[in-house]
Amino acid sequence: KNEVEQSPQNLTAQEGEFITINCSYSVGISALHWLQQHPGGGIVSLFMLSSGKKKHGRLIATINIQEKHSSLHITASHPRDSAVYICAVPYGGNLIFGKGTKLSVKP
Amino acid sequence: GAGVSQSPRYKVAKRGQDVALRCDPISGHVSLFWYQQALGQGPEFLTYFQNEAQLDKSGLPSDRFFAERPEGSVSTLKIQRTQQEDSAVYLCASSLVGGQPQHFGDGTRLSIL
């Protein structure tokens, strides 16, 4: 059983579209991470949030602790947003990761 | 550099060979993590260091995997007698202390032929 579930697994969008990626988790957590992984493999931390909403540029992350659900939104998507987006939750001192959502934004 | 540095970026080895993967964390970061990421999957925890102490190695898949961080900075993940199923991206991350955001390296892509 996966403690962290993401949907969709794959997402193709046209440039300019509004993107939503969802993450549900089953463990009790204090915070949730959204990460971005480009084809080269490196991972960049986008957000760490424990309540409410955070915004950074065109990226918005929301979390509902009671419902154990988080969403990552991308407004005015651009081809350079193409990457794998991974949510992760801290558990037992390390992180448990979702399988990731592969986003492709077409020009 | 200011980030987590991993080397080599790519490693190809024949089945049965030993490999060593290096992680240079951000200076001053106490916590260091190793993760294994199979193709199409999210990363999975391997092991965790706090300074030079290996506090958790529950994710190491077999006794062929060994990690060390002797001086509390650079860490090495060693895989002995490699098998094809060891092919994956190995990610290293560090954080200032446990519970703080982790900073990831670019990973080492290991291919076992």
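We name chains A, B, ... by the order of the sequence lines, and we start the count at 1 in each one.
Within the 4.5 angstrom heavy-atom criterion, atoms from both the backbone and the side chain of Ile43(A) approach chain B. Neither the backbone nor the side chain of Gln6(A) comes within less than 4.5 Å of any heavy atom of chain B. With a 4.5 angstrom heavy-atom cutoff, Ile96(A) does not touch chain B via any of its atoms. Interface residue Gln37(B): only side-chain heavy atoms are found under 4.5 Å from chain A.
Shown here is Glu85(B), whose CD atom has more than 12 heavy atoms of other residues, nucleotides or ligands within 6.0 Å. In the displayed structure, Leu113(B) atom CG is contacted under 6.0 Å by more than 12 heavy atoms of other residues, nucleotides or ligands.
In summary, the aromatic rings of Phe47(A) and His33(A) are positioned with their centroids too far apart to meet the 6.0 Å limit.
For Glu68(B) and Lys78(B), the salt-bridge test passes: some basic side-chain N is under 4.0 Å from an acidic carboxylate O. A salt bridge between Asp18(B) and Arg64(B) is absent, with no side-chain N of the basic residue lying under 4.0 Å from a carboxylate O of the acidic one.
Annotation: maximal heavy-atom pairing with chain B below 4.5 Å, among Ala88(A), Gly42(A), Ala31(A), occurs at Gly42(A). For the set Met48(A), Lys102(A), Gln9(A), the count of heavy-atom pairs under 4.5 angstrom toward chain B peaks at Met48(A). Heavy-atom pairs under 4.5 Å with chain A were tallied for Ser95(B), Pro101(B), Gly107(B); the largest tally goes to Pro101(B).
Looking only at distances, a side-chain donor or acceptor of Ser70(A) sits under 3.5 Å from a matching main-chain atom of Thr62(A).
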